[in-house]
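Values below: all heavy atoms of this structure, side chains included; hydrogens, waters and symmetry mates excluded.
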Amino acid sequence: MSPAKKLHVLEQDEFDQLLGWLDPDPHRAGLTYEKIRRRLISILASRGCTCAEELTDEIIDRVARRVVDIRDEYVGDKAVYFLGVMNNVHHEYLKRPTMLRPPEPVDDGEAKEKTHQCLERCLATLTNNSRQMIERYYAADKQAKIDLRKRIAKEFGISPNTLRLRALRIREKLQACIEQCLQMEVL
């Protein structure tokens, strides 16, 4: 990964500066931040991004890093600035190589056992919250599944849509991990 593409961890002071730029009142700044974040996730998801929440975090990180440079000069709706950064991040996302689809499952008992072992290994690499969330997310069927997912979202203090996106991200990580594990088994 090139230095420009390395993941940046948003520092607390950068986040505080971002909130201060959004609004001098901390409460209103928090509300504005949440509104912008939800809007970005919604727009990216509607554009077909499978990792809308992750991209939104990248957008917020980039804006937070730039606040020091733009806070005195930027005039207008600050959400528009986020949308401009979102367009850049979305274009970068579209240029990324697409993930290959996993191979079709084989009805081979040995292959199923290897896949199950890889799944267990990959689940063990997740944080406790992520593992608990994904295991419970797929634990029920039909109406029970809908009710369970509403309860999970409420327990984690997130919307059902955010839960769905997080579960999707966790599932993508698991899928990649399982594929890698199965390839290592073949070698």
Side-chain angles (χ1 to χ4, degrees), residues 1 7 9-10 30-61 79 82-83 86-87 89-187:
M1 201 179 263
L7 206 54
V9 178
L10 186 62
L31 293 175
T32 302
Y33 168 81
E34 284 298 323
K35 182 179 176 184
I36 290 171
R37 188 171 191 285
R38 281 192 307 270
R39 184 173 177 196
L40 292 171
I41 292 170
S42 163
I43 292 169
L44 290 167
S46 72
R47 290 184 180 182
C49 295
T50 57
C51 54
E53 197 168 315
E54 182 180 304
L55 291 177
T56 297
D57 291 342
E58 174 64 23
I59 293 162
I60 291 168
D61 288 352
F82 281 88
L83 294 174
M86 179 200 65
N87 286 329
V89 171
H90 183 250
H91 287 295
E92 292 170 12
Y93 166 80
L94 293 175
K95 291 179 184 177
R96 290 181 191 168
T98 57
M99 288 181 57
L100 298 174
R101 287 194 138 319
E104 291 297 317
V106 180
D107 283 340
D108 180 11
E110 186 178 324
K112 284 183 180 180
E113 181 62 31
K114 286 181 182 177
T115 303
H116 183 72
Q117 289 172 351
C118 286
L119 172 62
E120 286 300 319
R121 284 186 209 148
C122 293
L123 283 170
T125 66
L126 296 175
T127 64
N128 288 337
N129 280 345
S130 293
R131 181 176 177 145
Q132 180 186 23
M133 180 185 288
I134 200 72
E135 286 177 341
R136 290 181 63 207
Y137 189 82
Y138 290 106
D141 289 322
K142 301 188 182 192
Q143 185 61 43
K145 173 175 70 174
I146 295 167
D147 296 339
L148 175 63
R149 290 179 181 178
K150 285 179 184 177
R151 280 196 313 274
I152 295 169
K154 190 172 184 177
E155 288 172 18
F156 281 93
I158 56 178
S159 71
N161 192 42
T162 302
L163 173 66
R164 183 181 58 77
L165 292 171
R166 286 187 184 172
L168 178 65
R169 278 197 351 245
I170 295 168
R171 185 173 157 206
E172 287 174 345
K173 287 178 187 176
L174 284 173
Q175 230 171 343
C177 178
I178 291 168
E179 287 174 22
Q180 184 179 15
C181 176
L182 289 173
Q183 287 176 356
M184 297 301 283
E185 291 282 328
V186 172
L187 300 176

Say you draw a straight line from [atom1] of [X] to [atom2] of [Y]; how long is it, rounded to the nearest 0.5 Å?
X      : Y      : atom1 : atom2 : result
Ser159 : Arg166 : OG    : CZ    : 8.5 Å
Leu55  : Ile41  : CG    : CD1   : 10.0 Å
Glu179 : Met184 : CD    : CE    : 14.5 Å
His116 : Glu113 : NE2   : CD    : 6.5 Å
Leu182 : Thr115 : CG    : OG1   : 4.5 Å
Glu120 : Ile178 : CD    : CD1   : 9.5 Å

Is the count of non-hydrogen atoms from other residues, nucleotides or ligands lying under 6.0 Å from [X] atom [atom1] greater than 12?
X      : atom1 : value
Arg47  : CZ    : yes
Glu155 : CD    : yes
Arg169 : CZ    : yes

Check: Hey, which of Thr162, Asp57, Thr56 is the one that makes side chain to side chain donor-acceptor pair (under 3.5 Å) with Arg37?
Finding: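 Single pass found, and it is Asp57.
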Margin query: Among Lys145, Gln143, Arg149, Arg151, which residue satisfies the side chain to side chain donor-acceptor pair (under 3.5 Å) criterion with Asp147?
Written below: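 It is Gln143; the other options fail the test.
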Any side-chain heavy atom of [X] sitting closer than 4.5 Å to one from [Y]?
X      : Y      : answer
Asn161 : Arg164 : yes
Ile152 : Ile158 : no
Leu163 : Lys150 : no
Leu123 : Glu135 : yes
Leu168 : Glu53  : no
Ile59  : Leu44  : yes
Ile60  : Ile36  : no
Leu148 : Tyr137 : no

Next item on the list: Give yes when the SG atoms of Cys181 and Cys122 are nearer than 2.5 Å, otherwise give no.
Entry: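 No disulfide here.
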Checklist line | Nearest heavy atoms of Tyr93 and Gly48, plus distance in Å | finding: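 In terms of heavy atoms, the two residues are closest at OH-O, 3.9 Å.
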Notebook entry, point to check: Minimum heavy-atom separation for Ala52 to Ala45, with atom names?
Noted result: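 Minimum heavy-atom separation between Ala52 and Ala45: CB-N, 3.7 Å.
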Next item on the list: Would you tell me whether Gln132 and Asn128 have side-chain atoms, one donor and one acceptor, within less than 3.5 Å of each other?
Entry: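 The answer is no; no qualifying pair exists.
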Next item on the list: Please confirm whether Arg38 makes a cation-pi placement over Tyr33, using NZ or CZ under 6.0 Å from the six-membered ring centre and within 45° of the ring normal.
Entry: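 Judged by the rule, Arg38 and Tyr33 form no cation-pi pair.
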Next item on the list: Apply side chain to side chain contact (heavy atoms under 4.5 Å, CB included) to Thr125 and Leu174, showing your working.
Entry: CA-CA 9 Å; Thr125 66; Leu174 284 173; 5.6 Å; no
Item checked: side chain to side chain contact (heavy atoms under 4.5 Å, CB included) between Arg39 and Phe82, worked out -> CA-CA 10 Å; Arg39 184 173 177 196; Phe82 281 88; over 6 Å; no
